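This structure is a prediction, so every number in the text was calculated from the model and none was measured. Each residue takes its place number in the sequence, starting with 1.
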Amino acid sequence: MVKFREMLCLLVFFSGFSFAGILGIEPYRDAQLVKSNSQSGQLVEIPLSKISRAGSGWEPESVIRLNGDHFTSLYKINRNALLSDVYTHYRAQMMSDGQSILFECESRSCGSSNAWANDFFGDYLLNGADQNQFLLVVKNKQDVYQVLYVNRRGAGDVMVRLDEVKSANAQDTEFNIVAQMDVQDIPRIRRFVSDLPPGQNVVGFVTSEKKGTLSAIEAGDQLILIAMAGLGGQLETKVRFINLADLGRESLGVNRISFVYVRP
């Protein structure tokens, strides 16, 4: 638990740290986070067409190349899930705020799944049958690009890759989070933390309000103690709690915990 003065110092520190995230996208039910990665100031290619052979390799016929902050996450969903339901779940959320579709394809019209997995995304876990793939690329008005790739592996598991790229010219208008929930929803918090890949830790910003004779800070301390007890010793070590009390932005809500990834 972080004391008030220490918390203020940490806020200054974290405000300058890039926590790019997949904004506002709720994972499909029972989806397991396999891995995630965040990099700042990277040259990233955004695909705008199917992938095809180019010389001795493979690449999309058209791309946007830009410098920016790049966040990726990979989820695994059990084999009983319908591929179309998974894609619809993510697509609906990516289009909920009026984003523009830059490219969309499915099945063999996307090109070779093996090429997307190994040559473009550099992740063999995405490899599956060509007829089982979906790709969606969108952009919002703040020059934030999101890329969704979904495929079913030969073993039957559905793999979901989410990329977000914030252009270096984009305005940093919001405090980016990767998950947000009621701080007293212990089962959901446990699932999120237990699904983190080995070595991946998070910071949990807790908001609170004055409650009876308790100040907002004291109420926040109480909520953090409840969350820590609910996580237990092993999972607790993956989370660094910071008590924002009632000093957080309105978007963080009240009595909520907002998680951001810490680079391994």
Side-chain angles (χ1 to χ4, degrees), residues 20-37 44-52 58-64 70-141 144-166 176-181 188 191-192 195 197:
I22 302 301
L23 302 182
I25 297 183
E26 187 73 20
Y28 190 82
R29 62 178 180 273
D30 298 326
Q32 299 179 11
L33 180 65
V34 177
K35 55 187 174 183
S36 64
N37 186 47
V44 184
E45 291 189 347
I46 307 295
L48 298 180
S49 62
K50 66 180 290 185
I51 199 166
S52 59
W58 294 77
E59 63 183 31
E61 297 169 358
S62 177
V63 299
I64 296 174
H70 187 199
F71 178 87
T72 67
S73 61
L74 180 68
Y75 290 89
K76 180 174 73 173
I77 302 170
N78 68 60
R79 65 188 63 188
N80 296 322
L82 293 176
L83 196 61
S84 59
D85 286 353
V86 174
Y87 181 66
T88 299
H89 170 86
Y90 287 98
R91 187 186 190 280
Q93 294 183 78
M94 291 172 68
M95 299 303 302
S96 62
D97 293 324
Q99 283 92 334
S100 301
I101 296 179
L102 301 182
F103 178 65
E104 186 176 20
C105 66
E106 64 177 280
S107 189
R108 300 183 189 277
S109 67
C110 297
S112 166
S113 169
N114 180 68
W116 281 116
N118 295 297
D119 293 86
F120 187 82
F121 293 112
D123 193 337
Y124 73 94
L125 292 174
L126 293 171
N127 191 19
D130 291 350
Q131 65 267 26
N132 290 335
Q133 61 184 331
F134 293 86
L135 178 67
L136 175 66
V137 183
V138 302
K139 174 188 175 185
N140 68 16
K141 294 179 181 179
V144 176
Y145 297 79
Q146 291 180 334
V147 180
L148 167 69
Y149 183 78
V150 180
N151 205 345
R152 188 186 298 278
R153 287 170 49 80
D157 296 323
V158 175
M159 306 303 296
V160 176
R161 161 92 178 213
L162 282 164
D163 287 61
E164 180 174 282
V165 182
K166 178 186 289 187
N176 297 335
I177 59 176
V178 294
Q180 187 182 61
M181 59 201 72
R188 190 178 177 197
R191 285 196 297 272
F192 171 77
D195 285 344

Point-to-point distance, once rounded to the nearest 0.5 Å, from [atom1] of [X] to [atom2] of [Y]:
X	Y	atom1	atom2	result
D30	R191	CG	CZ	8.0 Å
K141	Q99	NZ	CD	10.0 Å
S109	L135	OG	CG	9.0 Å
Q146	L102	CD	CG	11.0 Å
Y28	L82	OH	CG	6.5 Å
F121	T72	CZ	OG1	10.0 Å

Under the side-chain hydrogen bond (donor to acceptor under 3.5 Å, both in side chains) rule, collect the residues that match up with [X], sequence neighbours excluded.
X	value
N118	N114
Y149	S113, Q133, N151
R91	E104
R108	Q131

For [X], enumerate each residue passing the salt bridge (charged side-chain N to carboxylate O under 4.0 Å, His left out) test, keeping only those at least two apart in sequence or located in another chain.
X	value
K35	D123
R188	E26
K76	none
R161	D163

**OP:** Decide side-chain contact (heavy atoms from CB on, under 4.5 Å) for V86 and R152; before the verdict, give the C-alpha distance in whole Å, the side-chain angles of both, and the deciding distance to 0.1 Å.
**Re:** CA-CA 11 Å; V86 174; R152 188 186 298 278; over 6 Å; no

[X] side chain near [Y] side chain, heavy-atom distance below 4.5 Å:
X	Y	answer
P27	L33	no
K139	I46	no
L126	L74	yes

Just to verify, what does [X] make a side-chain contact (heavy atoms from CB on, under 4.5 Å) with, not counting sequence neighbours?
X	answer
A115	I51, W58, S112, D119
E45	V63, R65, F120
F134	L83, Y87, E106, V150

Original post:
Can any side-chain N or O of S96 pair as donor or acceptor with the backbone N or O of Q93 at less than 3.5 Å?
Top reply: yes

Original post:
Just by distance, do the side chain of R79 and the backbone of A155 share a donor-acceptor pair under 3.5 Å?
Top reply: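 Yes, because the side chain of R79 sits within donor-acceptor range (under 3.5 Å) of the backbone of A155.
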
Original post:
At their closest point, which heavy atom of P47 faces which heavy atom of W116, and how far apart are they?
Top reply: CB-CH2, 3.7 Å

Original post:
Who are the ring-ring contact (aromatic ring centres under 6.0 Å, His included) partners of F103, not counting sequence neighbours?
Top reply: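 Expected list: none.
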
